[in-house]
Amino acid sequence: MSINHIRPWRTIERRKSRQIMVGNVPVGGDAPISVQTMTNTLTTDVAATVAQVQAAAEAGADIVRISVPDEASSKALKDIVKESPVPIVADIHFHYKRGIEAAEAGAACLRINPGNIGDATRVAEVVNAAKDHNCSIRIGVNAGSLEKHLLDKYGEPCPDAMVESGLEHIRILQDHDFHEFKISVKASDVFMSAAAYQILSEATDAPIHLGITEAGGLTSGTIKSSIGLGQLLWMGIGDTLRVSLSADPVEEVKVGYEILKSLGLRHRGVNIISCPSCARQGFDVIKTVETLEDRLAHIKTPMSLSIIGCVVNGPGEALMTDVGFTGGGAGAGMVYLAGKASHKMSNDAMVDHIVEQVEQKAAELEAAADT
């Protein structure tokens, strides 16, 4: 599928992959690239986990993953799934019974490595549980937990070793006539991840889950993920993604959407175009943008807003946005609507007025979409 534009240098030709379902969310094919996150509460604390899932969903998460390390977590998962507004992926490591229990509890997908959960009989039991409960599987290869025989063969974690691991796990599922799977090959090293994903993209038609694992804190992890995931998405690789941050899961969702928005691959909410500010600014740009990001977080309709401190770039940026404000002099600036200068507004009343204009424009866009 290609994302075509009247400007050819903006065209992204997405890799052709087959489509699977994660609950009611299509992944792969021509489906939108879905955004995921993972809870960090104790799964056995149902109330806290449900609250975190709901917050992530409100921020735009399409899918949420939950760790299922023990039997008590499997039991809690059943209650969590009932209250979740989005499909739940159960994160399973090593113990095959957790996979069976998670499928029975209503998980939409199991994140496993088939080769790590026991002999062929146990793999078959998990696969049969997935089939019986309409549950897909994500093969999750991680550079930090590669199989010993691959480390012996390659000497260290590397892209070829990660892809070979992934293809071995794919064969296990295919040998059991199971094809509802997606796959990831994650590393904390951006170069290794990017190279592995590029090799993988040519080796299988399975949907690809993107991620730079253990990317770091909010700032460093966002930058690392944007570099790694951004270049892969630009190449057309990736059907679903998670930005792995040592931060609130809601922040992972926000960053994931911003990466997709910057490439024109997904649109949700207000895209704020703002200047870094300088001595020419006619108002406090940084504080204004921070306030507007918070006050406009409830807007889900895709639209654009420019907040520019002075007239050097302000009018030009406003030409391409739904709503704009450009700083002027004497404590006031110009409001732009649909790219055209509309009216002046004082800096003191500017934030409330912009929020009102954005909400009004969002309502107009929603009404037009319903007709």
Side-chain angles (χ1 to χ4, degrees), residues 2-12 32 35 58-60 222 226 230 233-234 253-371:
S2 65
I3 308 299
N4 292 311
H5 296 273
I6 58 172
R7 301 170 182 86
W9 33 267
R10 289 179 60 94
T11 297
I12 292 178
V35 176
E58 181 63 27
T222 294
S226 298
L233 290 165
W234 202 331
V253 178
K254 289 180 179 178
V255 174
Y257 261 102
E258 289 301 323
I259 292 172
L260 293 175
K261 283 162 66 175
S262 69
L263 292 169
L265 291 168
R266 277 249 355 230
H267 299 282
R268 184 184 190 275
V270 183
N271 180 28
I272 300 180
I273 297 163
S274 61
C275 67
S277 80
C278 68
R280 294 192 305 269
Q281 66 180 350
F283 60 97
D284 190 332
V285 173
I286 294 174
K287 183 179 179 181
T288 299
V289 171
E290 288 177 352
T291 302
L292 287 170
E293 284 180 334
D294 180 61
R295 292 191 55 182
L296 296 174
H298 66 288
I299 302 290
K300 298 179 176 60
T301 307
M303 58 181 299
S304 53
L305 167 67
S306 58
I307 302 294
I308 309 296
C310 75
V311 296
V312 172
N313 293 321
E317 292 290 354
L319 288 173
M320 297 178 282
T321 56
D322 296 302
V323 179
F325 184 84
T326 294
M334 179 62 70
V335 176
Y336 292 79
L337 300 177
K340 297 180 180 179
S342 177
H343 54 277
K344 286 188 175 182
M345 176 57 56
S346 69
N347 292 348
D348 293 338
M350 173 250 295
V351 169
D352 288 339
H353 186 66
I354 289 174
V355 170
E356 180 182 323
Q357 294 296 319
V358 169
E359 290 177 336
Q360 182 177 322
K361 183 64 178 179
E364 292 174 2
L365 292 171
E366 288 173 14
D370 292 336
T371 57

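- With rounding to the nearest 0.5 Å, the separation of CG in Leu263 from CD in Glu258 is 11.5 Å.
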Please output the side-chain donor-acceptor pairs of residues 290-301 that fall under 3.5 Å, not counting sequence neighbours, one pair per line with the distance.
from: Thr291; atom 1: OG1; to: Lys287; atom 2: O; distance (Å): 2.9
from: Arg295; atom 1: NH1; to: Asp352; atom 2: OD1; distance (Å): 2.6
from: Arg295; atom 1: NH2; to: Asp352; atom 2: OD1; distance (Å): 3.3
from: His298; atom 1: ND1; to: Arg295; atom 2: O; distance (Å): 3.1
from: His298; atom 1: NE2; to: Glu359; atom 2: OE2; distance (Å): 3.0
from: Lys300; atom 1: NZ; to: Glu58; atom 2: OE2; distance (Å): 2.8
from: Thr301; atom 1: OG1; to: Glu366; atom 2: OE2; distance (Å): 2.5

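- Checked by atom type and distance alone, the side chain of Asn313 never pairs as donor or acceptor with a backbone atom of Ile308 at under 3.5 Å.
- Taking every heavy atom of both residues into account, Met334 and Ser342 meet most closely at SD-N, 4.1 Å.
- Taking 4.5 Å as the limit, some side-chain heavy atom of Leu305 sits within range of a side-chain heavy atom of Ile272.
- Within the model, atoms CG of Asp284 and CE of Met350 stand 9.0 Å from one another, a figure rounded to the nearest 0.5 Å.
- Minimum interatomic distance between Gly60 and Val253 (heavy atoms only, all atoms of both residues): C-CG1, 3.8 Å.
- Closest approach of Gln281 to Phe283, counting heavy atoms only: OE1-O, 3.0 Å.
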Given Tyr336 and Thr326, is the side-chain contact (heavy atoms from CB on, under 4.5 Å) satisfied, shown in steps?
-> CA-CA 8 Å; Tyr336 292 79; Thr326 294; 3.6 Å; yes

Can you check side-chain contact (heavy atoms from CB on, under 4.5 Å) on Gln357 and Met345, steps first, answer last?
-> CA-CA 12 Å; Gln357 294 296 319; Met345 176 57 56; over 6 Å; no

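- Rounding to the nearest 0.5 angstrom, the gap separating the CD1 atom in Ile354 from the OG1 atom in Thr288 is 7.5 Å.
- The nearest pair of heavy atoms linking Pro315 to Cys310 is CD-O, 4.5 Å.
- The minimum heavy-atom distance between Ser306 and Thr321, with the atom names listed, is OG-OG1, 3.1 Å.
- Note that CD1 of Ile307 and OG of Ser277 are 13.0 Å apart. Values are rounded to the nearest 0.5 Å.
- A donor-acceptor contact shorter than 3.5 Å is absent between the side chain of Arg268 and the backbone of Lys261.
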Evaluate the side-chain contact (heavy atoms from CB on, under 4.5 Å) criterion for residues Leu233 and Leu260: first the C-alpha distance (whole Å), next the side-chain angles of each, then the deciding distance (0.1 Å), finally the verdict.
-> CA-CA 8 Å; Leu233 290 165; Leu260 293 175; 3.8 Å; yes

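- Closest approach of Gly309 to Cys275, counting heavy atoms only: N-SG, 3.2 Å.
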Kindly indicate, with the supporting measurements, whether the criterion side-chain contact (heavy atoms from CB on, under 4.5 Å) is fulfilled by Val285 and Phe325.
-> CA-CA 10 Å; Val285 173; Phe325 184 84; over 6 Å; no

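- In this structure, the side chains of Met303 and Val323 come closer than 4.5 Å at one or more pairs of heavy atoms.
- Under a 3.5 Å cut-off, the side chain of Asn271 and the backbone N or O of Ser304 do not form any donor-acceptor pair.
- Interatomic distance, CG of Leu265 versus CD1 of Ile259, reported as 11.0 Å (0.5 Å rounding).
- Shown here is Leu365, whose CG atom has more than 12 heavy atoms of other residues, nucleotides or ligands within 6.0 Å.
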